Amino acid sequence: MTISLDGYVAGPDDGAAFPLGKHSGRSIFDWYTSGVDEYRSPLFKPAPGANLDEVKRMFDESGAFVFDKFVRAAF
């Protein structure tokens with residue numbers, strides 16, 4: 001299950017076939033995969049502008065990123 005700061009929750013029935021739920025929960029992560037150039041990791045490809053600024057801030061302020069097995073499978 002994934003929840004964003006604004007309360008968006010990945011849909012029900014998540015699993016290996018639908019890591020973030022059957023209702024396209026993956027779209028919650030579009031903001032950091034919307035560009036073409038990698039930023040520090042193949043996972044992060046934010047578009048220039050606000051998306052890139054936020055990913056940079058996230059790396060600067062975070063000590064670690066924790067993903068479960070279903071989220072890794074989504075990307």
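Quick note: residue numbers are just sequence positions, from 1. No experiment lies behind these values; they were computed from the predicted model shown.
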Run the numbers on Glu38 and Phe44 for side-chain contact (heavy atoms from CB on, under 4.5 Å), then give the verdict. CA-CA 6 Å; Glu38 293 180 7; Phe44 299 99; over 6 Å; no
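- For the atom pair NZ of Lys56 and CD of Glu61, the computed distance is 14.0 Å after rounding to the nearest 0.5 Å.
- Thr33 and Leu43 make their closest contact through CG2-O, 3.7 Å (heavy atoms, listed as atom of the first residue, atom of the second, distance).
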Could you list the donor-acceptor pairs under 3.5 angstrom formed between side-chain atoms of residues 45-54 and any protein atom two or more places apart in sequence or on another chain?
from: Asn51; atom 1: ND2; to: Trp31; atom 2: O; distance (Å): 3.1
from: Asn51; atom 1: ND2; to: Ser34; atom 2: OG; distance (Å): 3.0
from: Glu54; atom 1: OE1; to: Arg57; atom 2: NE; distance (Å): 3.3
from: Glu54; atom 1: OE2; to: Arg57; atom 2: NE; distance (Å): 3.0
from: Glu54; atom 1: OE2; to: Arg57; atom 2: NH2; distance (Å): 2.3

